[in-house]
Amino acid sequence: MSMDMADAGRLMAELRETAAELQRELRSVATAAEQMTPVTVEDDRKAVKLTLAKNGAVEALVLDEDWRDTIGETGLGAVVSLCYQTALGKRFDQLMGGFEEQDEDDTPVTIPAPQFTLGDPTTSSAAEARSEILEAIDEARDQREAYLEKVNQRGSQVRDAVNSAKTVTVSRRGTTITGITLDERWVRNTNDGIIEREIVRAMNNVMVMAASDRQNTYEGFPAVQRLMEMTRDPQEMLRRMGSIR
């Protein structure tokens with residue numbers, strides 16, 4: 001696993017190129033995200049108006065004063081859910097439009113060449129680091145199928161979250177809200193302002209839960225997590241292995 005100066009130089013050149021490409025991508029993402037604006041959609045009967053904030057959270061839900069006559073109390077959850085899906089689609093289009101505009105910007109991004117010298121891969125600490133990295137790769141390879149299965153299952157399972165009063169149930173698959181069910185008696189006996197507020201709160205709480213789920217993906221797969229953390233900084237990996245200083 002020793003590496004001569006030419007190999008190390010080639011690897012660093014590749015890393016720099018990748019870093020420059022990544023920086024371009026990140027700049028595109030950041031600029032497209034900055035250009036996002038809130039998205040507001042209405043159903044075709046203008047009974048429900050839903051607004052997503054720039055960050056994708058539900059900013060507002062406004063029920064028309066005649067919504068009970070136009071869509072009915074039993075239809076409210078489905079219409080709110082449909083408005084949310086439509087708003088997500090428009091938000092995605094907005095983001096992609098921002099990307100396409102960025103693609104026209106070919107300004108080169110310069111990444112300074114990292115300063116390094118060839119290390120000593122014969123030291124016991126370098127040998128130990130190589131052994132640890134190889135072990136993590138082997139373990140991660142063993143865990144790969146189960147890890148991917150868990151990720152895919154988690155993404156495809158429909159999960160329900162109920163608000164504390166058990167009046168609003170929000171279903172989600174992965175990070176996407178797929179349905180909203182409301183307690184009919186509560187809808188019948190509650191004023192519109194409270195209904196609006198409770199639905200918005202329940203939807204946003206579910207999105208927070210989805211984000212936290214995503215962070216817990218590595219639970220039970222320590223080798224995968226360790227490998228991901230190691231590979232986040234390739235230069236640090238090379239240092240630990242004694243290839244560079």
Side-chain angles (χ1 to χ4, degrees), residues 29 32-100 149-217 219:
V29 171
E34 277 167 22
Q35 290 170 351
M36 296 280 282
T37 54
V39 173
T40 300
V41 297
E42 268 185 318
D43 69 297
D44 53 7
R45 298 187 194 181
K46 300 198 181 320
V48 171
K49 186 188 285 185
L50 183 137
T51 301
L52 291 185
K54 276 178 70 165
N55 66 359
V58 182
E59 189 174 277
L61 174 68
V62 179
L63 302 177
D64 179 71
E65 57 182 21
D66 297 326
W67 72 269
R68 291 173 197 265
D69 299 323
T70 50
I71 58 170
E73 290 163 348
T74 55
L76 180 60
V79 174
V80 172
S81 181
L82 180 65
C83 284
Y84 175 74
Q85 301 299 334
T86 307
L88 270 191
K90 288 194 171 184
R91 191 168 179 274
F92 179 75
D93 292 344
Q94 200 184 86
L95 189 60
M96 294 315 290
F99 274 140
E100 279 155 22
E149 195 178 322
K150 178 186 176 183
V151 171
N152 291 332
Q153 272 181 354
R154 179 165 274 174
S156 63
Q157 281 173 345
V158 175
R159 297 178 170 208
D160 288 345
V162 185
N163 67 338
S164 55
K166 296 187 168 60
T167 52
V168 182
T169 303
V170 181
S171 306
R172 72 176 169 96
R173 182 179 273 115
T175 57
T176 306
I177 290 173
T178 55
I180 296 158
T181 311
L182 307 171
D183 181 277
E184 286 181 30
R185 189 184 299 168
W186 173 73
V187 171
R188 202 176 306 123
N189 299 312
T190 307
N191 75 51
D192 293 357
I194 293 172
I195 293 173
E196 290 164 351
R197 192 170 67 239
E198 281 298 309
I199 293 176
V200 169
R201 186 183 292 159
M203 291 175 82
N204 285 330
N205 281 348
V206 161
M207 281 187 261
V208 169
M209 284 164 57
S212 141
D213 241 22
R214 214 167 34 224
Q215 286 168 353
N216 295 335
T217 313
E219 202 177 313

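Any value given below was found using the heavy atoms of this structure, including those in side chains, with hydrogens, waters and symmetry copies removed.
- The two atoms that bring A57 and M207 nearest to each other are CA-CE, 4.4 Å, heavy atoms only.
- M203 approaches V80 most closely through the heavy-atom pair SD-CG1, 4.1 Å.
- Rounded to the nearest 0.5 angstrom, T190 OG1 and R185 CZ are separated by 11.5 Å.
- Ion pairing between R68 and D192 holds under the 4.0 Å rule for side-chain N and carboxylate O.
- Taking 4.5 Å as the limit, every side-chain heavy atom of E184 sits out of range of all side-chain heavy atoms of E73.
- The distance from the CG atom of D43 to the NZ atom of K49 is 11.0 Å, given to the nearest 0.5 Å.
- For V170 against V206, the heavy-atom pair with the smallest separation is CB-CG2, 3.6 Å.
- Partners of T181 by side chain to side chain donor-acceptor pair (under 3.5 Å), not counting sequence neighbours: none found.
- Using a 4.5 Å heavy-atom threshold, the side chains of R201 and V168 count as separate.
- Considering CG of N205 and CD of E198, their distance stands at 9.5 Å, rounded to 0.5 Å.
- Between R159 and S171, the closest side-chain pair of non-hydrogen atoms is not below 4.5 Å.
- Of all the heavy atoms in G179 and S81, the pair that sits closest is CA-OG, 3.6 Å.
- The two residues R91 and G56 make their nearest non-hydrogen contact at NH2-N, 3.3 Å.
- I199 has its side chain out of reach of Y84: every pair of non-hydrogen atoms, C-beta onward, lies at least 4.5 Å apart.
- Shown here are the side-chain contact (heavy atoms from CB on, under 4.5 Å) partners of A87, two or more places apart in sequence or in another chain: V39, V41, L50, L52.
- Residues L182 and G77 share a closest heavy-atom pair of CD1-N, 3.9 Å.
- Side chain of N191 to main chain of I194: a donor-acceptor pair is present (N/O by atom type, distance under 3.5 Å, no hydrogens or angles).
- In this structure the side chain of D183 never reaches within 4.5 angstrom of the side chain of K166, judged on heavy atoms.
- Shown are D64, L76, L82; of these, the side-chain contact (heavy atoms from CB on, under 4.5 Å) with V48 is made only by L76.
- I177 CD1 to Q85 CD: the interatomic distance, rounded to the nearest 0.5 Å, is 8.0 Å.
- E59 has its side chain within reach of T51: a pair of non-hydrogen atoms, C-beta onward, lies under 4.5 Å apart.
- In this structure, N189 CG and T167 OG1 are separated by 12.0 Å, a value rounded to the nearest 0.5 Å.
- The CE atom of M36 lies 4.5 Å from the CD atom of Q94; values are rounded to the nearest 0.5 Å.
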